[in-house]
Number of protein chains: 2
Amino acid sequence: MSDLNTEEKILEAAREVFIAKGLDGARMQDIADKAGINKALLHYYFRSKEMLFQKIFLEKGRELVQVLEQVVGTNLSVREILAMLIDLESDKLDQEPLMPLFVISEINRNPAKLLQVPEIQACRQCLKKLALQIDLEKEQGKIRKELQFQDVIMDVMSLMHFPRIGKNLFVEMLYDRDKVDFAKEVTRRREHIKFVILRSLEP
Amino acid sequence: MSDLNTEEKILEAAREVFIAKGLDGARMQDIADKAGINKALLHYYFRSKEMLFQKIFLEKGRELVQVLEQVVGTNLSVREILAMLIDLESDKLDQEPLMPLFVISEINRNPAKLLQVPEIQACRQCLKKLALQIDLEKEQGKIRKELQFQDVIMDVMSLMHFPRIGKNLFVEMLYDRDKVDFAKEVTRRREHIKFVILRSLEP
DNA sequence: AGTTTTGTTAACCAAATGGTTAAACTTAAT
DNA sequence: ATTAAGTTTAACCATTTGGTTAACAAAACT
């Protein structure tokens, strides 16, 4: 942390605190402490809590749809796209598993924020392409006719994100709290998710 | 609201405010206003914000695992149990789609809270029964051998909860914001989820 | 009817919190 | 060396917020 310039130190601390506590729970003093600087510097660099928060929220909002956008942009088959999506998204989530919970929580507190992430509209466009590709493969008999592309996307996102954001609950309910290595379980689930998703495509 | 006694009015208002804003974002004054009473009455009935919150959190924590516990307690086949779980849980979530987001967010802010919901331990026991039933049906060749019971549970919960808590994001990304009836989409998805889950069991 | 208990309110309080200010320190240009 | 600009800090301020108090009202009890 100490080898970063002040602005980056603040941003890194803000990421941690906002993601862990949310906008309401985050304290400017905590961010300053974690960054190892005086609280007034936060305002010197970012004017207000709201503006600092906005920086982080937009950044993480983008990240949330980035992989999806990236992977749909390729010219692969639907099955290849989905498998790639699962792998890349998993890699990213392993770094910051609670990031989607942060973004979704904040969107629910104030849905208008969502519209300030233009990448979501861009992603929308990309997804239309995927919808076409799915229609095509339906015609070719490769994908079951009843499948809606919205469902596939929601399925993949759900299966990847929800176990991570609900980690504590699932560890307590489904595993032996002291013995389980949940990170390993999540890694193992990659193949399971691919299996479930790809099977759901079969005609 | 006005036909309830004061204590129930407070609890109902607290449910709404805590679920919408979380512990940190909730204001005692907002709860009092929504209940139509003086703020001091909140403390008269529940001593502190923390204690009022605890009441709601425990109640909702219980509700989150209640259906699972109830349905696993029956003597049905695994497929019947899962189909029933999806139907009952959907009915409940239609009433309060953001409740799981509330519980999970608060658990992440303070994981120790989780241990104060004894129903989760009870649920744990019930799930062992389901695990045995799954093993049995694996022996009988009804379920694919590689399937782990933890995965089925996480799959069902994920597919049901995540689209609801991410509603705003999904509507923006996948649908025509102005035209879509997301409630209808969620209802339609019931059958889709059953399909995906039941297919994932097939040997 | 009178008295005690329970319920309810307005006014108030102390702590926390986001934000400001003015001075001090650092760096680089002149 | 002097100045000017940018950076950093301690002290301070105003507001919000959870919580308290004391007086008042309404039941419940005698």
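Numbered from 1 within each chain, the chains take letters A, B, ... in sequence-line order.
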Partner set under ring-ring contact (aromatic ring centres under 6.0 Å, His included) for A/Phe18, not counting sequence neighbours: A/Phe53
Any residue meeting salt bridge (charged side-chain N to carboxylate O under 4.0 Å, His left out) with A/Lys21, in chain and number order, not counting sequence neighbours: none
Results of salt bridge (charged side-chain N to carboxylate O under 4.0 Å, His left out) for A/Asp87 - residues two or more places apart only: A/Arg190, A/Lys194
All side-chain hydrogen bond (donor to acceptor under 3.5 Å, both in side chains) counterparts of B/His192, not counting sequence neighbours: A/Asp155
Set of side-chain contact (heavy atoms from CB on, under 4.5 Å) partners for A/Phe195, sequence neighbours left out: A/Arg199, B/Arg144
With sequence neighbours excluded, residues passing salt bridge (charged side-chain N to carboxylate O under 4.0 Å, His left out) with B/Glu69: none
Residues in salt bridge (charged side-chain N to carboxylate O under 4.0 Å, His left out) contact with B/Glu139, at least two apart in sequence or another chain: none
side-chain contact (heavy atoms from CB on, under 4.5 Å) partners for B/Val186, two or more places apart: B/Asp94, B/Arg164, B/Phe182
5'-most by nearest nucleotide on DNA chain C - B/Gly36 or B/Lys39: B/Gly36
Residues touching DNA chain C, which here means a heavy atom under 4.0 Å, drawn from residues 40-53 of chain B: B/Ala40, B/Leu41, B/Tyr44, B/Tyr45
Contacting residues from residues 19-29 of chain B, given that a heavy atom lies under 4.0 angstrom of DNA chain D: B/Ala26, B/Arg27, B/Met28
Between D/dG6 (P) and A/Glu7 (CD): distance, integer Å: 14 Å
First-last contacting nucleotides on DNA chain C - partner chain B, under 4.0 angstrom, heavy atom: C/dT6 to C/dA10
Which residues share a side-chain contact (heavy atoms from CB on, under 4.5 Å) with B/Asn38, sequence neighbours left out: B/Ala40
Donor-acceptor side-chain pairing of B/Asn110 and B/Glu106 below 3.5 angstrom: no
